[in-house]
Amino acid sequence: MDPAEELLESGYTILAKVMSHAECESLIAEIDRAFSNRPGDAIEAGQGRVVGGRNLIDAWSGWRAITQKAAVRNFLIEQIGPAAGLVRILYFDKPPGRGWSLSMHRDRTVAVARHHQPPDPFSKPTVKAGVPHVAATEELLSQMITLRLHLDAMHDDNGPLVVIPGSHVDRPQAEANLQTIHCQAGDVFVMRPLLSHGSKAASAKTTDHRRVLHLEVAAEEALPGEYHWYRFESIQKE
C-alpha cells in the first residue's frame with residue numbers, strides 16, 4: 001500500500017531504510033554524549049544505564065539529519081504542509097535484560113512554553129523534566145505526526161511495538177486487531193499520535209537493544225489561546 005494511503009487508513013506507515021547502519025551508530029554516540037552533558041534529562045535504570053530521556057530538542061541538533069532526508073521531509077510536507085515544525089524529541093531504549101511491556105495508550109501530551117489558568121482548551125497541566133506539558137485537544141493531535149527512527153532492528157525478541165490499525169480515528173477498535181510491528185535499523189515508523197499503541201515484553205534471552213528516537217512534528221507554529229510550543233523548529237530550515 002502507498003505510504004500516504006496507509007497512514008490515512010491505518011494511522012501508521014513505515015519509511016524503509018531512511019538511515020544507514022553507520023548513520024544509526026553515529027546517532028547513538030551523539031545521543032549518549034548529549035545525555036552525558038545533560039544528565040538531568042536522562043532516565044536511568046541503575047548502574048548508569050540510560051533507558052530514555054527528554055528535552056533532546058534543547059541539547060542536540062542531530063535531528064536535522066533525519067528530517068532533512070528527502071523521504072522524510074517530502075512525506076511530512078505532503079501530509080501536514082510546508083509550515084511543519086519539530087516540537088519535541090524523546091529517546092527510548094529497551095536494553096537486554098529489561099523485559100518490560102507497555103500497555104496500550106494514545107499520545108496526548110505536548111510540551112508548551114508555560115501553563116495557563118484555566119488551561120482551556122487543553123487540560124491536565126504537568127511538568128516533565130522541568131518543561132510544562134498539557135494534554136492537547138484531539139483537533140490538534142489529529143494534525144500532528146510522530147516519527148520513530150529505529151536505531152536497532154525491532155523484532156519479536158526485543159519487545160516490539162504493537163498497534164491497533166485504524167484506532168487514530170473516532171471509531172471503536174478491538175484489541176483482537178492488534179498488529180505487531182517489525183522494523184530494521186534505519187527505518188522510520190510514522191504514526192498519528194492518536195493511534196493506540198503499546199509494546200510487548202522483551203525476551204529475557206535477547207542480547208539486542210531496541211533504541212528509538214521519537215520526534216513529534218506539528219503542522220504549524222500557532223497554538224490556540226495564549227499557548228506557545230516549548231520549542232518549534234521548522235523542518236524547512238537548513
Side-chain angles (χ1 to χ4, degrees), residues 1-32 34 49-53 56 60 62-79 86 89-102 104 107 145-168 177-193 195-217 235:
M1 185 183 295
D2 175 77
E5 292 179 2
E6 187 173 34
L7 181 65
L8 177 65
E9 180 178 324
S10 300
Y12 68 90
T13 192
I14 296 173
L15 304 179
K17 299 180 180 179
V18 170
M19 309 291 281
S20 68
H21 179 77
E23 286 173 317
C24 289
E25 290 296 317
S26 178
L27 289 174
I28 290 168
E30 289 180 23
I31 293 164
D32 285 344
R49 292 183 300 176
V50 174
V51 296
L56 264 175
W60 177 67
W63 58 269
R64 290 200 182 278
I66 304 165
T67 60
Q68 292 303 312
K69 291 285 186 178
V72 173
R73 184 175 174 179
N74 293 344
F75 191 79
L76 287 172
I77 292 171
E78 174 188 323
Q79 294 302 310
L86 183 72
I89 308 175
L90 306 176
Y91 172 70
F92 309 115
D93 181 19
K94 191 177 287 188
R98 305 291 293 185
W100 64 77
S101 61
L102 185 63
M104 302 301 290
D107 293 338
I145 279 179
T146 298
L147 308 173
R148 294 169 65 103
L149 171 63
H150 287 269
L151 300 171
D152 305 287
M154 181 171 65
H155 50 74
D156 285 336
D157 288 341
N158 65 350
L161 187 72
V162 290
V163 303
I164 301 177
S167 56
H168 62 302
N177 298 329
L178 210 64
Q179 177 74 38
T180 300
I181 304 298
H182 297 143
C183 287
Q184 297 301 313
D187 290 353
V188 173
F189 180 78
V190 183
M191 61 179 275
R192 292 293 187 176
L195 180 74
S196 184
H197 62 285
S199 68
K200 296 182 179 180
S203 166
K205 297 180 179 180
T206 189
T207 59
D208 295 335
H209 284 259
R210 184 167 78 77
R211 288 167 287 204
V212 177
L213 271 170
H214 171 112
L215 291 77
E216 297 175 4
V217 183
I235 63 165

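Residues: numbered from 1 along the sequence shown.
Of all heavy-atom pairs between Val163 and Phe189, the closest is CG1-CZ, 4.1 Å. Smallest separation of non-hydrogen atoms from Asn177 and Pro165: O-CD, 3.3 Å. For Ser196 against Ser167, the heavy-atom pair with the smallest separation is N-OG, 2.8 Å. Taking both residues in full, the closest heavy atoms of Met19 and Cys24 are given as CB-SG, 4.1 Å, listed atom of the first, atom of the second, then distance. For the residue pair Leu195 and Gly166, the shortest heavy atom distance occurs at CD1-N, 4.4 Å. Here the shortest heavy-atom pairing between Asp107 and His214 reads OD2-CE1, 3.7 Å.
Arg210 contributes atom CZ, which lies 9.5 Å from atom CG of Asp152 (distance to the nearest 0.5 angstrom). Distance check: Ile66 CD1 to Glu23 CD gives 9.5 Å after rounding to the nearest 0.5 Å. With values rounded to the nearest 0.5 angstrom, Leu149 atom CG is found 14.0 Å from Trp63 atom CH2. Here the straight-line distance linking atom CG of Leu147 with atom CD of Glu216 works out to 10.0 Å at 0.5 Å rounding. Distance SG/Cys183 to CZ/Arg148: 9.0 Å, rounded to 0.5 Å. To the nearest 0.5 Å, atoms NE2 (His150) and CG (Leu161) are separated by 6.5 Å.
Asn158 has its side chain out of reach of Lys94: every pair of non-hydrogen atoms, C-beta onward, lies at least 4.5 Å apart. His155 is listed as a side-chain neighbour of Asp208, based on a closest heavy-atom distance under 4.5 Å. Residues Arg192 and Ile145 form a side-chain contact, since some pair of their non-hydrogen atoms from C-beta on lies under 4.5 Å apart. Taking 4.5 Å as the limit, every side-chain heavy atom of Val188 sits out of range of all side-chain heavy atoms of Phe75. Within the 4.5 Å cutoff, no side-chain heavy atoms of Val190 are placed close to those of Ile14. Between Arg211 and Ile31 the shortest side-chain heavy-atom distance does not fall below 4.5 Å. Using a 4.5 Å cut-off on side-chain heavy atoms (C-beta onward), Ile181 and Pro160 make no contact. You'll find the side chain of Gln179 reaches within 4.5 Å of the side chain of Tyr12, heavy atoms only.
Remark: the backbone N or O of Leu8 is paired with a side-chain donor or acceptor of His168 at under 3.5 angstrom. A donor-acceptor distance shorter than 3.5 angstrom exists from the side chain of Asp187 to the backbone of Lys17, with no hydrogens or angles considered.
If you check the side chains of His209 and Asp93, you find a donor sitting under 3.5 Å from an acceptor.
Heavy atoms of other residues, nucleotides or ligands lying less than 6.0 angstrom from CD of Gln184 number 12 at most. In the displayed structure, His21 atom NE2 is contacted under 6.0 Å by at most 12 heavy atoms of other residues, nucleotides or ligands.
The salt bridge (Lys or Arg N to Asp or Glu O under 4.0 Å) search around Asp157 returns none, not counting sequence neighbours.
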Inset, instruction - Using the side-chain contact (heavy atoms from CB on, under 4.5 Å) rule, take Val162 and Met104 through it: C-alpha gap first, then chi angles, then the decisive distance, then the call. - result: CA-CA 8 Å; Val162 290; Met104 302 301 290; 3.8 Å; yes
Inset, instruction - Determine, step by step, whether Leu178 and Ile164 satisfy the side-chain contact (heavy atoms from CB on, under 4.5 Å) criterion, reporting the C-alpha distance in whole Å, the side-chain angles of both residues, the deciding distance to 0.1 Å, and the verdict. - result: CA-CA 5 Å; Leu178 210 64; Ile164 301 177; 3.7 Å; yes
